[in-house]
Structure formats: C-alpha cells, structure tokens
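Note that this is a predicted model, so its numbers are computed, not measured. Only heavy atoms go into these numbers, but all of them, side chains included; no hydrogens, no water, no symmetry mates.
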Amino acid sequence: MYRKNALAAGVAAALALGSVTMVATQSTAVPQSTAAASTSAAQPGAGFRAMTADTRSEAIRTAGRNAAATARALALGPEERLVAKDVLIDADGARHVRYDRTYRGLAVIGGDLVVHLAKNGRITGSDLAHQGAIRVAGTTPKLSAADASARAVKHAKHVKKAKAGSKDSTLAVYAAGKIPVLAYRSTVTGAGETGPASREAVIVDADSGALLDQYELHQSVTGTGNGVTVGQVSIETTQTGSGYTLTDAAHGGTIVYDSYNSPQSNPRQNARAFSKTSNSWGNGTASSRESAAVDASYGLAKTWDYYKDSFNRSGIRNDGRGAPAYVHVDNSLVNAFYDDNCFCMYFGDGSSQNSNTPVTAVDVAGHEMSHGVTAATANLTYSGESGGLNEATSDIFGTMVEFYANNTADPGDYYIGEKLNMSSGYLRRMDTPSADGNSLSCWNSGAGSVDVHYSSGIANHFFYLASEGTGAKTIGGRSHNGTTCNNDTFAGIGKDKAAAVWYRALSAYMTSSTNYAGARTATLQAAADLYGTNSQERYLVSKAWAAVSVGTALPDPGTGTPTPEPTDPPSGNALTNGSFEQGASGWTQSDNIITNSALQPARDGSWYAWMMGYGADAVESVSQSNIAVPATGAPKLTFWLKVSTQESGYAAYDTLKVKINGTTLATYSNANASSGYVQKTVDLSAYKGQSVKLEFAGTEDTYLPTIFLLDQIAIG
C-alpha cells in the first residue's frame, strides 16, 4: 500500500504491501516517487464540538425557532424566510448556523448564508452567498413549466439530448448572479456521463428561457452491501432513473469502478461503473465482483467520516471532493495503492498467496485514502525516513478508521491487513513491528536506507506505545504486547489523543523532508498545542519516542498519569464510578459536568453529574466506553435523574437522551420535571454480552433553562 505518481505507476507495486508478495524473503526496494503538489489543510478539529445526530437535530430545531429574529437582524426583506440547514458548535459554545433562504415561498438558489453567534446567542457576524435583501419584479413567469422543461432539454450538456426528458420544473429565485431573477429549475434525465439514467439540473430564466446555470445531479440513497471482509453493511449509492450506481454523493461523490482486471500499468483501461437495477450489492464472496466493491465503498466512507468527525476534514484534500476507486485491478495482485496525479485509488484481487482475498479491508481503504491526506498536507517524500513516516501515517489512520468503523466482522486492533488471509496472519503489526522478520521496531542510523514499508515500523511502534503503553493486552480479540527498545514501562494516552497529536503534527508542522527526529519535534509541539507544554500527554509522547530509540524522554512534569482508554471490557459489570464519587474517573465529559458543587444536591454521597441549565443554546455529553453488558438474564441500565426547569407545558424544548452505541434508547425533557431524584430503568437486552458505549447527551435551546442531574448509574 503506497502513494505513487506517474513516474512510478508501472513499476512501483511489487512490495506495496510490505510482506505480501514474498512473505518471508522480500528484499527488492520500492522505487522512489517524486513529490506531488501539496495544498493547505485546515487545522485539526477546527475547535468544533463533536455532535451526535440527535444533538445536531436539536441544534437545528433551535436555529429554526430563531430564524425570524435572525432574518430581521440581518435586514433581509419582508418576503424572505430562513430555513435552518446545519449547525456547528465551537468548543467554547459559539455557534455557526447555516440557513437557506426562501422568497415568497420560492427556494432561493444561491441564497444560503451562515450566521455566527456567541455562546449567549448574540450574533457576531455572518457570511452571505448573496449580499443584501432579495428582490425580484414579480413571481408570475412568462414561460410555462412545460416551456421551461423544453428549454432545459435543449440546454443540457451532461445528458444526451436525443434521449433526454425533463421533469420537476419548479419556480425559484436565482440569486447566484449579481441581480436575482425569477427562474425555473428543471431536472433533465437520460443517457449521459454517469450512466443510462444520468440527471442534470438546468436553470433557465422564467421569462426568456435563457440558460442561467447547469450541473450534474447525484441522488444519494442507502443500499445493502455484502462485502468479503466487512460482512453485510449499509452503503451510500446513487439512483439513476430505474437503476443504481456505486456513487456515494454523501461522501463527495466517491465512485467505485470495476477495473475489469486492467493491467497495473493502466488500471483504468477497461474500467466501467458498477450499475444494476436493484440496490443490493454482492454476496459476501470473492466470486461476486460487487463484493470487493462493497468493501471499498464502505471503507472509504468510514475513512471520510473518521476524518470529518475527528478533525473536521472534508475529504482527502479538505475540499469536499471524493476520489474515485477501482477494484479488480490486474490479475493476482496482492496490492492496493493511491495515485495523487489522478486523485484515485486502486485495489487488487489478491492471489493464492492470500486465498484470493481482495485487498479491500477497512484498514486498507483507510490506509490508501490517508496517503492522499498526507499528499495534501505534509507531502512527505516517499523515500528515506520521510517515506517511512509517510507509510506509517497511512497505517496509523487506517488503524484508527478500523476502530472508528466498529465493524463486528473486523473489530479494531493494531494489526494491519489481518483480514486479508495472509499466511502470517497480517501484513504488519504496530505493537511489535519486527515480528514480521523485516520491519524495524527501533530507530537506527540506517533506517533511511530501509524499504519504507519496513522503516515505517518505527513510527507504528511509537504510535502503539503512545496510545496503549507497555505490557501485554488483548485488543479486538488479538494479542498485543507493547515492548520497548529501552526496557522502559509506562502508560499510554489513548489512541484518540495519540491520533490527534499525529494529525496536528502532520498538518501543521511536518514538511516533505521531515525525518524521525523531526517527527519527534513536530509531535511534541502538537501535544503542547493540544494538551499543554507541561502536560502528561506531551511527556508520554516523549517517552514513546524514547522507547523506539528516537531522542530521550522529557522530565516528568509530575501532573499525574492520564487515564488510558479502555480496550477490551473486563468481566462482569464494567461500569466504572457510577456514583461519581471518584470524580470524573472513567468518564469522558464535554465540559465540567461531574461535580461536587453544593449548589445542587447529589442523590447519594457528594458527587453527581450536572448537565445543562444555561438558558442558552448548548449541548453537553458525558459518556463511558467499553462497558460489558452481562450476557445472561435481562440486563438493564438504572440511574437516578432529577429534572428542574423554568420551561412550562409539555413541549420538549430541552432534552437529555440516553444512548447506547449512538442509538437513543430513552429521552427525558423539561416535561419530566420532578421535585427530587427519580429512578429510571432502560432495557439493555438487545446488547447482551456486548461491549458498549453509554452516553447521556443533553441539548438546551435559547430560552429558559433546564437542569438535568444524574447519579448512581449502574448496568446489571
């Protein structure tokens, strides 16, 4: 797995998966690839709070309630209305609300805007696609809808006119130009660039029929896929008339093509899009060409979502554009690779060497897409030590995507390619890289002359130790052992923190020529940015580098050891600190929610969780992961809840949702106000024997406050 460019396109694949093509005796070097153009990248996370689908919906509802007042504040016209579309919330509570406009009930094309608000709801700024109020001479068109459809067919350029038809011609206001005009928006369908039922939006002047704008349309729908390595999953597809294609409009228009075994030197030579009349894909075996495509589509979507949710990055180049992917490349190819020149990814079918398993596992998809992220940020040269860092970056984020996907058929671990049926059981492993007989676990002065797939072991080993620390443990059902090169022992900071450090170092500090010493400097600076110069996290990052023979550890700042993220759940009821009497130990909180403040009562003891109560737009959460739900009996969640509010009536303006693995199982609101604590019970029978994440997610709107108090939480 590697990033390549045109100079290396035909010859650089032999060792792309490290120990694949010659598992025991591989020694040929991979040709160097020249540097590709880099683009700027957003800072990691951009300071936004993570929001679940439910909290996002609540935030949008609140924005809708404020729409009229916002329109007045922006001096929009009396015929205009705002429709809330999306909300982003900063870590400090500030909000960025995206609205669409309407004019006399008509959609305004190019009328979108973003309003920026402080935590207290005060507008601090705005960005409008069309400046000022919308005004048109009238809303009665000279052309009929049928006339507009006929004009649209003539104007269409992405759909073949001989077979084109038009439907859904609707009036709108076109405000993408300098002066808003009344227009028709039509959908033209027919054979075209995206298949036999291509769709194109054509916008014409409602009076003259003149062309105003046109663009291709992709209708995203959810299909069912049966992959070789991911099992049965939902995938995003596109409906084109009576059929479907593997085009993922929800993730930048990512398209998965069948290469039809085109040679690796020209992997798009015979390529064609996957299309069919039903929206069910593959049968889970390699004999179905669709099954590998399901793996790729699912893995690339999960990679996109991981970068978006973790770092607010929208696709490889942070521009919202998806890269095409090609499966079934060449014959008996145990390889996958990313090419920055064509902005695309390729996946082979495997060979007898790995039981003919397509090279499309989740961590492989994450690995390849991450090569593109590296090209768009640090653009690490693919040779020497920087090449090892490049390859390790893809292993690191491919691994994080596997954890993020949380796919039961492929649970998260620190093995690379463990689902590819290699004779060794994996391509590489991050806890002990040298276990494959070739990779480096420790830096030495000759690391720069070692194949990049083997020198990457140094950074992989660092990342594992920074995440998990030393010692033996089982993760994702596989044995891991965090040994060091200096016989040191220490705790990790958790994989999410370690990944945040690596991403910030990659996007903010590393350059094309960064070597291992430079990577240490970059990650220490990143850790200081994220957690503080004297933080335990920065200290442990330095310990992890020293443990792979890169530099020495910093002095211990003496701030205590961070609680490492849990891996596999312990036996029995694994909920930790359910009464909060150990403070925040075991819990992840979005703010200082867990408290012993005397301003509110605890149900028992002195500590409890105090959520909401701002009387302003806000979201909060407190959660705990990897909780073992009992495998027998009728397991349930119990907790004590007190609700105090200044709201009145039975409308649920402020809510507290109880979630398991992101699914809402119970909702409480201001309508559940009580004079004291009331015990609540939630059935967990559907999660018997599973390791789950428990989350309490609160949302409060702009107006009156509601306080939710939690105490004595238990699962049993």
Side-chain angles (χ1 to χ4, degrees), residues 43-45 47 49-50 91 310-311 396 399-400 403 414 430-431 458-473 475 480-509 516-567 576-577 580-596 607 622-626:
Q43 292 300 312
R49 287 187 186 179
S310 300
F311 310 120
I396 288 167
T399 292
M400 291 303 298
F403 278 109
Y414 293 89
M430 304 176 79
D431 62 320
I458 302 165
N460 282 348
H461 196 195
F462 156 79
F463 182 78
Y464 176 83
L465 292 171
S467 300
E468 302 289 343
T470 56
K473 58 179 66 178
I475 303 172
H480 294 67
N481 192 11
T483 59
T484 64
C485 307
N486 59 359
N487 297 317
D488 196 4
T489 59
F490 51 88
I493 63 174
K495 60 183 180 296
D496 291 332
K497 286 184 177 181
V501 167
W502 194 269
Y503 181 85
R504 183 166 181 82
L506 180 77
S507 57
Y509 298 115
Y516 272 108
R520 176 182 179 274
T521 300
T523 52
L524 288 176
Q525 182 59 58
D529 294 345
L530 294 171
Y531 307 112
T533 302
N534 294 318
S535 65
Q536 195 74 4
E537 287 82 359
R538 184 170 183 258
Y539 165 65
L540 289 174
V541 166
S542 77
K543 294 268 282 184
W545 278 122
V548 298
S549 303
V550 178
T552 58
L554 299 173
D556 188 343
T559 57
T561 302
T563 302
E565 294 174 358
T567 52
T576 300
N577 190 24
F580 304 111
E581 294 307 307
Q582 285 75 51
S585 176
W587 295 93
T588 297
Q589 52 183 339
S590 60
D591 205 338
N592 294 324
I593 294 169
I594 298 170
T595 179
N596 61 353
W607 287 79
V622 61
S623 64
Q624 190 169 140
S625 298
N626 295 313

State whether a side-chain donor-acceptor pair under 3.5 Å links Asn481 with Tyr464. no
Holding to side chain to side chain donor-acceptor pair (under 3.5 Å), I want the full list of residues that pass it with Asp488, two or more places apart in sequence or in another chain. Lys543
Ignoring hydrogens, what is the shortest heavy-atom contact between Leu540 and Phe490? Give both atom names and the distance. CD2-CB, 4.2 Å
For Ile396, the option from Tyr414, Phe462, Phe463, Tyr503 that meets side chain to side chain contact (heavy atoms under 4.5 Å, CB included): Phe463
Shortest non-hydrogen separation from Asn534 to Pro557 and the atoms involved: O-CB, 3.2 Å
Name the residue from Thr483, Thr470, Thr484 that meets the side chain to side chain contact (heavy atoms under 4.5 Å, CB included) definition with Thr489. Thr470
To the nearest 0.5 Å, what is the distance between NZ on Lys495 and CE on Met400? 6.0 Å
With side chains defined as the heavy atoms from C-beta onward, is the minimum distance between Glu468 and His480 less than 4.5 Å? no
Scanning both residues in full, the closest heavy-atom pair of Trp502 with Ala459 reads CH2-CB, 3.9 Å
Can you name the side chain to side chain donor-acceptor pair (under 3.5 Å) partners of Tyr531, sequence neighbours left out? none
About how many Å separate CG of Leu530 and CZ of Arg504, when rounded to the nearest 0.5 Å? 5.5 Å
Between Val548 and His461, the two heavy atoms sitting closest are CG1-ND1, 3.4 Å
Non-hydrogen side-chain atoms of Phe403 and Ile475 separated by less than 4.5 Å: yes
What residues form a side chain to side chain donor-acceptor pair (under 3.5 Å) with Gln589, not counting sequence neighbours? none
My understanding is that only residues two or more places apart in sequence, or in another chain, count here; which of them pass side chain to side chain donor-acceptor pair (under 3.5 Å) with Thr523? Trp545
Can any side-chain N or O of Ser585 pair as donor or acceptor with the backbone N or O of Gln582 at less than 3.5 Å? no
Please name all residues satisfying ring-ring contact (aromatic ring centres under 6.0 Å, His included) with Phe580, sequence neighbours left out, ordered by chain then number. Trp587
Does Ala527 have any side chain to side chain contact (heavy atoms under 4.5 Å, CB included) partners at least two apart in sequence or in another chain, and if so, which? Val501, Arg538, Val541
Tell me the closest heavy-atom pair linking Gly586 and Thr576, and the distance in Å. CA-CG2, 4.2 Å
Kindly indicate, with the supporting measurements, whether the criterion side-chain contact (heavy atoms from CB on, under 4.5 Å) is fulfilled by Ser467 and Ile493. CA-CA 5 Å; Ser467 300; Ile493 63 174; over 6 Å; no
Decide yes or no on side-chain contact (heavy atoms from CB on, under 4.5 Å) for Thr521 and Tyr509, but give the supporting numbers first. CA-CA 9 Å; Thr521 300; Tyr509 298 115; over 6 Å; no
Glu581 and Asn577: side-chain donor and acceptor closer than 3.5 Å? no
Given side-chain contact (heavy atoms from CB on, under 4.5 Å), test Gln536 with Asp556 step by step and report yes or no. CA-CA 8 Å; Gln536 195 74 4; Asp556 188 343; 3.6 Å; yes
Measuring from Ser310:OG to Asp496:CG, what's the distance to the nearest 0.5 Å? 7.0 Å
Looking at Ala544 and Ala466, what are the two nearest heavy atoms and their distance? CB-N, 3.8 Å
